[in-house]
Amino acid sequence: MKEKGMALWFCSARFLVFLFIVSALPIAYIVSQERAKTDHHVFHYHSSGFFRECAKWDDQGRRFLVSFLEGGVGEIHVPQNYTRDVVLQEVTVVKDSDLTGNASNGIALDRPRNRLLVAVADVLGNRYSGLAAYDLSTWKRLFLTKLSGPGDEKSMADDVAVDADGNAYVTDVKGSKIWKVGVDGELLSTLTNPLFTPKEWYKSLLGLNGIVYHPDGYLIVIHTLSGNLFKIDLGKGDEVKLIEVAGGPLAFGDGLELIFPTKLVVAAGNPFGRLVESTDRWETTSVVAKFKGPMHRLATAATVKDGKVYLNHMFGMGYPRKTHALVEFVL
């Protein structure tokens, strides 16, 4: 009996050592990645939360605006005398008590109307989707438009784009549709199309995601799991076309950023960001560059600051202060 007890103790000890080694390996990898020197620039900032879904640069305010997966919006000011060794600080500017339990997902700057648009959703239960607008100076909420709720089919507002007239277009990553919301917050229409539904059922688990408005009057939107890219011509009755992607598909595509009328950045999860280019008004496109970022952080959105592209990464590292990274996509 004593020998059996000793054997169990020995096996348990060996098992604990094994667990320690197995858990230490990814931790060691993450630490090495965090300390690695890079040729590209990284904005690091401290935050109170682990998850930051989207980031956009506000040139007029000299700040990054970031959305919280736990709900809310923060700003990260970049001072004129900023140096690369400085860790910036996130300040919460939006935290609505009536939206507690809902995530703030994609965001879009609407500078002509001095406001920020935020896609709001119940991520776990898919019981609520909405669009909120906030004044960029006072952070007063201008409107909150309910897009879906209990009793509706499952949906999740994921990303948002705004056109020249102030209309917003919100993607539904669960139901693969697009809601159109007017400049004053009225729900105008819902766009669906058979092309948004891939043949493989499992690719419908995560559908329409990142979306941008092109100044020529159409939308470009990506489907997460299929990697399909779509062009929606607003001047032709919301005509939907599948964009042929050479070097694609863009599987696990998330946030989009149009950096030129002919060039689009795709934040594509782990570990790559992709640059695609079109010479025929987005009838077709080609992958012309890839960027491998930190594999453990998960790229979810892209933005442009001073002509340089930065990828937002969802996961923050550290405790109690979490350190997040906005990583330059070197083109």
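- When side chains are defined from C-beta on, L109 counts as touching L136, because their heavy atoms get closer than 4.5 Å.
- For H41 and F43, the ring centers are positioned less than 6.0 Å apart.
- The side-chain hydrogen bond (donor to acceptor under 3.5 Å, both in side chains) test with N209 singles out one residue from D172, N105, T224, and that residue is T224.
- Heavy atoms from other residues, nucleotides or ligands lying under 6.0 Å from CD of E277 number more than 12.
- Judged by a 6.0 Å distance limit and a 45° cone about the ring axis, R274 is not positioned over the six-membered ring of F291.
- Here L206 contributes atom CG and L225 contributes atom CG; the two are 4.5 Å apart, rounded to the nearest 0.5 Å.
- Summarising the geometry, atom CD belonging to E75 is positioned 5.0 Å from atom CZ belonging to R63; distances are rounded to the nearest 0.5 Å.
- Annotation: cation-pi geometry not satisfied between K180 and Y169 (NZ/CZ under 6.0 angstrom from ring centroid, within 45° of ring axis).
- Between N81 and T83, the side chains place no donor N or O within less than 3.5 Å of an acceptor N or O (distance only, hydrogens not considered).
- In this structure, K308 places its NZ atom where only 12 or fewer heavy-atom neighbours from other residues, nucleotides or ligands lie under 6.0 Å away.
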What do the steps show when you test D96 against Y134 for side-chain hydrogen bond (donor to acceptor under 3.5 Å, both in side chains), and what is the final call? CA-CA 11 Å; D96 292 334; Y134 300 91; 2.4 Å; yes
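- If you check the side chains of T300 and D254, you find no donor sitting under 3.5 Å from an acceptor.
- The nearest pair of heavy atoms linking F230 to V240 is CD2-CG1, 4.2 Å.
- The closest side-chain heavy-atom distance from E90 to S48 is below 4.5 Å.
- Qualifying salt bridge (Lys or Arg N to Asp or Glu O under 4.0 Å) partners for D159, counting only residues two or more places apart in sequence or in other chains: none.
- To the nearest 0.5 Å, atoms CD (E328) and CG (L311) are separated by 10.0 Å.
- No option in L99, L65, V73, V118 other than V73 meets the side chain to side chain contact (heavy atoms under 4.5 Å, CB included) test with V94.
- Between D163 atom CG and H214 atom NE2 the span is 14.0 Å, to the nearest 0.5 Å.
- Checked for salt-bridge contact, D152 and R127 miss the test: no charged N lies under 4.0 Å from a carboxylate O.
- Separating the CZ atom in R281 from the NZ atom in K231 is a distance of 4.5 Å, to the nearest 0.5 Å.
- Here the OG-CZ distance, from S226 to F252, works out to 10.5 Å after rounding to the nearest 0.5 Å.
- Note that K305 lies outside the cation-pi zone of Y310, set by a 6.0 Å cut-off to the ring centre and a 45° limit from the axis.
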